[in-house]
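Here's the structure, in C-alpha cells; my notes come after.
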Amino acid sequence: QVQLVESGGGLVRPGGSLRLSCAVSGSISGRYVMAWYRQAPGKQRELIASITAGGSTNYADSVKGRFTVSRENAKNTMYLQMNSLNPEDTAVYYCNRDPPVTTRGAPYWGQGTQVTVSS
C-alpha cells in the first residue's frame with residue numbers, strides 16, 4: 001500500500017511564497033530518491049526537484065534558486081519551499097519517488113495540490 005498526500009497549495013500573489021508538504025507511507029521513502037513534480041495547464045508533468053535519502057538535491061532550471069526541497073525521513077515527510085512565485089509556477093504539484101512508484105501496471109500518483117499564482 002502506497003499513499004502520497006500533498007498539501008499546502010493555494011492561491012498566492014506573484015512574488016509570494018508557499019510551503020508544500022508531502023506525507024508518504026508504504027515502501028516509498030527509505031533510501032529512495034524523492035521528488036516533486038508539477039503539471040501546468042496544457043503541459044506535460046515535469047520533475048522539478050529531487051532529494052536523496054542523504055539530503056543531496058537537484059533542481060530544474062525553471063525553479064533553481066527559488067525553490068528548496070527538504071525531507072524529514074523520521075517523519076516520512078518531504079517539503080518544498082517555494083519563494084518568488086510567478087504565474088508560470090501555476091500547476092498541480094505532486095510528490096513521488098524518482099522514478100515514480102508503480103501500481104496496477106502504471107505509475108501511481110496522489111491527488112496533488114494546486115498552486116495558483118495570480119494577482
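Here Ser17 pairs with Asn83 under the side-chain hydrogen bond (donor to acceptor under 3.5 Å, both in side chains) rule; sequence neighbours left out. Under the side-chain hydrogen bond (donor to acceptor under 3.5 Å, both in side chains) criterion, Gln39 pairs with no residue at all, not counting sequence neighbours. Contacts of Lys64 classified as salt bridge (charged side-chain N to carboxylate O under 4.0 Å, His left out), with partners at least two apart in sequence or in another chain: none. For Thr103, the side-chain hydrogen bond (donor to acceptor under 3.5 Å, both in side chains) test picks out no residue, with sequence neighbours left out. Qualifying side chain to side chain contact (heavy atoms under 4.5 Å, CB included) partners for Ser56, counting only residues two or more places apart in sequence or in other chains: Thr52.
At most 12 heavy atoms of other shown residues, nucleotides or ligands fall within 6.0 angstrom of atom CD in Gln111.
Leu20 approaches Gly9 most closely through the heavy-atom pair CD2-N, 3.5 Å.
With Tyr37 as the aromatic partner, Arg45 does not meet the cation-pi criteria of under 6.0 angstrom to the ring centre and within 45 degrees of the ring axis.
For the side-chain contact (heavy atoms from CB on, under 4.5 Å) with Leu80, the lone residue among Ile48, Leu18, Val115 that qualifies is Ile48.
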Show me the donor-acceptor pairs within less than 3.5 Å that the side chains of residues 84-91 make with the rest of the protein, sequence neighbours left out.
| from | atom 1 | to | atom 2 | distance (Å) |
| --- | --- | --- | --- | --- |
| Asn86 | OD1 | Glu88 | N | 2.9 |
| Asn86 | OD1 | Asp89 | N | 3.4 |
| Asp89 | OD1 | Arg38 | NH1 | 2.9 |
| Asp89 | OD1 | Arg66 | NH2 | 2.9 |
| Asp89 | OD2 | Arg66 | NH1 | 2.8 |
| Asp89 | OD2 | Asn86 | N | 2.9 |
| Thr90 | OG1 | Pro87 | O | 3.0 |
| Thr90 | OG1 | Val117 | N | 3.0 |

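Going from atom CZ of Arg97 over to atom OG of Ser50 covers 13.5 Å, rounded to the nearest 0.5 Å.
In terms of hydrophobic clustering, with Ile, Leu, Val, Met, Phe, Trp and Tyr side chains grouped at heavy-atom distances under 4.5 Å, Tyr94 and Met34 are assigned to different clusters.
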